[in-house]
There are 2 protein chains.
Amino acid sequence: MLAVQRRSNADVRLMVRVAQLYYRLHLSQQEIGERVGLSRFQVGRLLDRAVEESIVRIEVVHPDARLVELEDALMARFGLDAAVVADVPAATQGLAADDVARDAVAEVAVDLLAQRAPVGTIAVSWGRTMLAVARRLPMGWTKADEIVQLNGATSRSEQPTRANEIVERFAATTGASFRTLAAPAIVGTAELSTALAGDPAVEEALDAARAAHTAVFGLGIPAPDSPHLGSGFVTPDEQARLREKGAVGDVVGRFLDAQGEIAWRKLDRRAVGISLEDLRAKPLRVGVAAGTGRGPIALAAIRAAVVNVLACDDGTASWVLAHG
Amino acid sequence: MLAVQRRSNADVRLMVRVAQLYYRLHLSQQEIGERVGLSRFQVGRLLDRAVEESIVRIEVVHPDARLVELEDALMARFGLDAAVVADVPAATQGLAADDVARDAVAEVAVDLLAQRAPVGTIAVSWGRTMLAVARRLPMGWTKADEIVQLNGATSRSEQPTRANEIVERFAATTGASFRTLAAPAIVGTAELSTALAGDPAVEEALDAARAAHTAVFGLGIPAPDSPHLGSGFVTPDEQARLREKGAVGDVVGRFLDAQGEIAWRKLDRRAVGISLEDLRAKPLRVGVAAGTGRGPIALAAIRAAVVNVLACDDGTASWVLAHG
DNA sequence: CTCCAATGCGCACATCTGAGCAGCGATCCG
DNA sequence: CGGATCGCTGCTCAGATGTGCGCATTGGAG
């Protein structure tokens, strides 16, 4: 006991000395061995033990480290191609909080897009989050041929969707032409949706959206202030019914339940835009979720495999990891 | 500016990710490169930058780290073979503080001795510090042939020197025989010292001490409670004179000034024990200094080259480094 | 006293990593 | 528009490091 104590005592001193020579003075293990009278193997094993026994601490101290961990965890857990997580300090409260989150997520989402630099046709959705993304796109972040909308983008309500601004910004920053989908996201009946899809202009746009290899879209929630639900084509009764069916949010105007299944087939048939199957077929499909309460729809989108790249805030990332 | 900002932002994320893969998951740079889509060179350079920019922090966190730094500094600055520094928390005050220091230094000194494991003859001095060392020696810390005293060890005062206990403990723990030097450390006249040195028993002991390859001795200070000065052979007047000459302490009964020179030759000739020249000739000469005010004599001993291994407390080490 | 397990050591070998260097594209000037 | 320069990339090559293994020493059990 006593022998162990004093032996490990002297050992610790030696480990500390070796660790300092190695990590502070950057001597090679060979040199350290010569200096303290050990073989380089002994020095190497001592260094192992020093790390093992926490005599040496190696840590990644950057504030973003936590976010990167979330990203890596999301990728590993759900097999995502990529994930970017933005830091949204809990300081801001109330409605402004979601604005802050949107901006923060938009920033990292734009970084991600610029890094991927998709070419050809890029299909986009609309909404406040997408608007925040579009506004932050720097000139020349990639070279694309055409920007096209993924789903219907006109509104009946007084608040404008700014859908055009989004498409135009994507086009302007990439040198691409653009094509809008001049129809509501959700119409009154399935028949009307079918009829609209037969309209040449709409059909062309939908074909282009289907052909696009890249899709960038927001993940919405069925809140009263949601642009989809507030657009005037879904009655309050229908909204309540939708929630009863377990809808946790929408992807390109199609509402999903927690499992990632279409929440209400009847309503879904009234949507104007590409199908989730078409979306899933794209090699790059970037979902952007920002703000509180986005966890369920983010997880649903992941389960439905309609996203293979996720951009979200840290709260959403944590929720997804905790519940997925 | 904005471009720089966003670029370095994404770069930082990448550095953090790469650093985590490297330092936490212990992937090779090659594997990391494959995973994140970079060449191993880019990964290596990213890791360099991550350390450079303090994204990764590597530190030796053990409480002894500071002490080891002092040890290394002592060795480097003064060309010592070894130095061991004990931690003496400033908590204890007054007279007890020196007792604590002695115990702490004795512990590390014993570790050092056990590690060196000197063989043959070991010459030792006496004093409270040496007593603390002796008492902590574990059985079998080394195998020696003979233990012998370096200098006179009888006292005229009422307080016993415990010199015999020291020698006996060294002998008992090493399986060695022992030989005492039955004379005072300092006598009344130089002539008496010479005469004593001619006595067969004393001469034999001195010869053995000279022949020893190893010496272990305390570094004393000229305080009123010093066993040397209190032994009764140095008058209060002489003590005052000694201090006037700049004596900062003694090594085996010989007082040195701050430069490491004999402080008062006339007094020195009255000492009974081996000379500093004989001491300097030994390949292993361990000086032990514990307690406040020991800095000057420690430094003097180093300058005089009578020690090539120093064991002391952290306060003494700091003083020596600050003033040497 | 003998045998055996356990530990620690150093070596050969494979892998990993760092340093210097040439190529190459972008950028900036003249 | 041509040329110089700079930054970045990947390469070669040598040095540094990790790994598995055989050998020796040690400590203990029988």
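Letters go in sequence order (proteins before strands), and every chain restarts at 1.
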Before accepting this row, confirm whether a basic side-chain N of the pair B:Asp313/B:Arg102 lies closer than 4.0 Å to the acidic partner's carboxylate O.
no
salt_bridge(A:Arg135, A:Glu165) N-O dist < 4.0 Å:
yes
For B:Gln29 and B:Leu47, which heavy atoms make the closest approach, and how far apart are they?
NE2-CD1, 3.6 Å
Look up atom CG in A:Leu137 and atom OG1 in A:Thr174, then write down how far apart they are to the nearest 0.5 Å.
8.5 Å
Where along residues 35-47 of chain B does a heavy atom fall under 4.0 Å from DNA chain D?
B:Ser39, B:Arg40, B:Phe41, B:Gln42, B:Arg45
Determine, step by step, whether B:Arg179 and B:Thr121 satisfy the side-chain contact (heavy atoms from CB on, under 4.5 Å) criterion, reporting the C-alpha distance in whole Å, the side-chain angles of both residues, the deciding distance to 0.1 Å, and the verdict.
CA-CA 10 Å; B:Arg179 191 196 301 264; B:Thr121 303; over 6 Å; no
Can you check the B:Glu34 CD to D:dG10 C1' distance for me, whole Å?
15 Å
Using a 4.5 Å cut-off on heavy atoms from C-beta on, say whether the side chain of A:Leu67 contacts that of B:Val16.
no
Side chain A:Thr142, main chain A:Pro118, donor-acceptor under 3.5 Å:
yes
Using heavy atoms and a sub-4.0 Å distance, could you list which residues of residues 20-32 of chain B are near DNA chain C? By number, please.
B:Tyr22, B:Ser28, B:Gln29
Who are the side chain to side chain contact (heavy atoms under 4.5 Å, CB included) partners of A:Ala317, not counting sequence neighbours?
A:Leu70, A:Leu74, A:Val85, A:Cys312
